[in-house]
Amino acid sequence: MLSLDYIFIAAGILLLASVMSSKLSRKFGIPGLLIFLFIGMLAGSEGIGGIEFENYELAKNIGDIALIFILFAGGLDTQWSHIRPVLAQGLILSTFGVGITVLSLGTFAWLVLGSFSSFSLGFDGITWLEGLLLGAIISSTDAAAVFSILKASKLDLKDNLQPLLELESGSNDPMAVLLTTTLVGMLTAKEGSLGTLALALMTQLCVGTLVGYGAGNLMSWMTNRLHLDTKALYPVGSIARVLLTYGVATLLQGNGFLAVYIAGVVLGNQEFPYKETIIDFHEGISWLMQITMFLVLGLLVFPSQLPAIAPVAIIIALFLMLVARPLSVFMGLAWTKYHLRQKLFISWVGLRGSVPIILAIVPITMNLEDANTIFNVVFFIVLISVSIQGFTLVPAARWLKL
């Protein structure tokens, strides 16, 4: 075990390097999340830092805490007047769209891994249910990636495209989390059914929505009536209420991530004392959580294991970007007035980020067979998605005249 002073020095260096690298991200258009990941990989056991870190349970817990505050900050910064016109479209993409992605990508991954894994990965392939698990893990677009890249690029997208993309990325994580945990339970316990899955999904969505809406209004009511002696305590109180919202929603069998996002949206669209201070505070917390999360995930991966799964991961990533994601968008928005160029752009902004990597840790913590292979495949897919789609998001918007 390293002494506490060495841990502080390492943490300080990594955080400072990540903060300084954000200037490179803005200047050269490199996605910041990609830089944070590479810094973590360089600091890891196979990098120049030599930091040994294989605690998947701790990494998952850090990821969950980070996502809570990232989603709350994203909701807090979301204007109801902007998302109201696209509410139905966003919710369809974050539920029905995720389901289409899981089915199409899961089936394709099952066929690909079954065909090539015996001689490239050293195991006999996966079952269709395991393929669906891989599809569920990689099914959600990442709120942290979408929020940060859209803000950093300062794109002025037409026709409510940005609110739609932010709403979808903020609200589709709960669906992916639920599908992943349920499928892992079915694979480990060898029991369960699609009916059970549908019932659990409805329960988590409904309870999470109700708790989030109630918590957001309660946050506003309390903030307006606390009359604290110093404004510095108002952000501290907001942290407490965010944690309570997640905990209560989860305890009631709801989805805590959805609850904190909705609570953020409700609170952000009401007036309360020191509103700008609280919003700025949570934006800073969100950045800290993003950096911490990606550094930890970078430390967790072993780069030497990635080349073996690279061919399969590239094939699956291309199918995701060029087939599965567009299929879910075109089917989900078939009833809307969005034209072809808009649907193509929405399809291209399906960035995968930290959420899939965090979800890929779940099978490992549950001792699922071939879980490490799934983790490496997911990690490689995320690298491809953030690299290709992150770099080309702004040119794509301009090319499509959006």
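Numbers here are sequence positions counted from 1. Atoms considered below: every heavy atom in the structure, side chains included; atoms not considered: hydrogens, waters and symmetry mates.
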message: Is there a salt bridge (charged side-chain N to carboxylate O under 4.0 Å, His left out) between Glu276 and Lys231? Walk through the geometry before answering.
response: CA-CA 11 Å; Glu276 187 174 344; Lys231 69 176 184 180; over 6 Å; no
- request: Using side chain to side chain donor-acceptor pair (under 3.5 Å) as the criterion, list what pairs up with Ser140, not counting sequence neighbours.
  value: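 Residues passing side chain to side chain donor-acceptor pair (under 3.5 Å) with Ser140: Asp173.
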Steps toward side chain to side chain contact (heavy atoms under 4.5 Å, CB included) verdict (Val207, Asn255): CA-CA 7 Å; Val207 173; Asn255 192 283; over 6 Å; no
task: Write out all pairs satisfying side chain to side chain donor-acceptor pair (under 3.5 Å) with one or both partners inside residues 239-249, taking only residues at least two apart or from two chains.
output: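 Residue pairs passing side chain to side chain donor-acceptor pair (under 3.5 Å), neighbours aside: Thr223-Arg241.
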Under a 3.5 Å distance rule, please check whether [X] uses its side chain to pair with a backbone N or O of [Y] as donor and acceptor.
| X | Y | result |
| --- | --- | --- |
| Thr365 | Val362 | yes |
| Gln389 | Trp348 | yes |
| Gln270 | Leu267 | no |
| Lys60 | Leu359 | no |

message: Does the plane of the ring in Phe375 sit parallel, tilted or perpendicular to the ring in Tyr56? Use 30° and 60° as the thresholds.
response: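 Geometry flag for Tyr56 against Phe375: perpendicular rings.
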- request: Taking all non-hydrogen atoms of both residues into account, name the closest pair between Ala324 and Thr101 and its distance.
  value: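 Looks like O-OG1, 4.2 Å.
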Minimum heavy-atom distance Ile374-Ile137, with the two atoms named: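 Answer, listing the atom of Ile374 first, then Ile137: CG2-CD1, 3.9 Å.
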field: Any residue meeting ring pair (Phe, Tyr, Trp, His ring centres under 6.0 Å) with Phe69, in chain and number order, not counting sequence neighbours
entry: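 Ring pair (Phe, Tyr, Trp, His ring centres under 6.0 Å) check on Phe69 returns nothing, list empty.
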- prompt: For Tyr213, does the OH atom have more than 12 heavy-atom neighbours from other residues, nucleotides or ligands under 6.0 Å away?
  reply: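 Not more than 12 within 6.0 Å, no.
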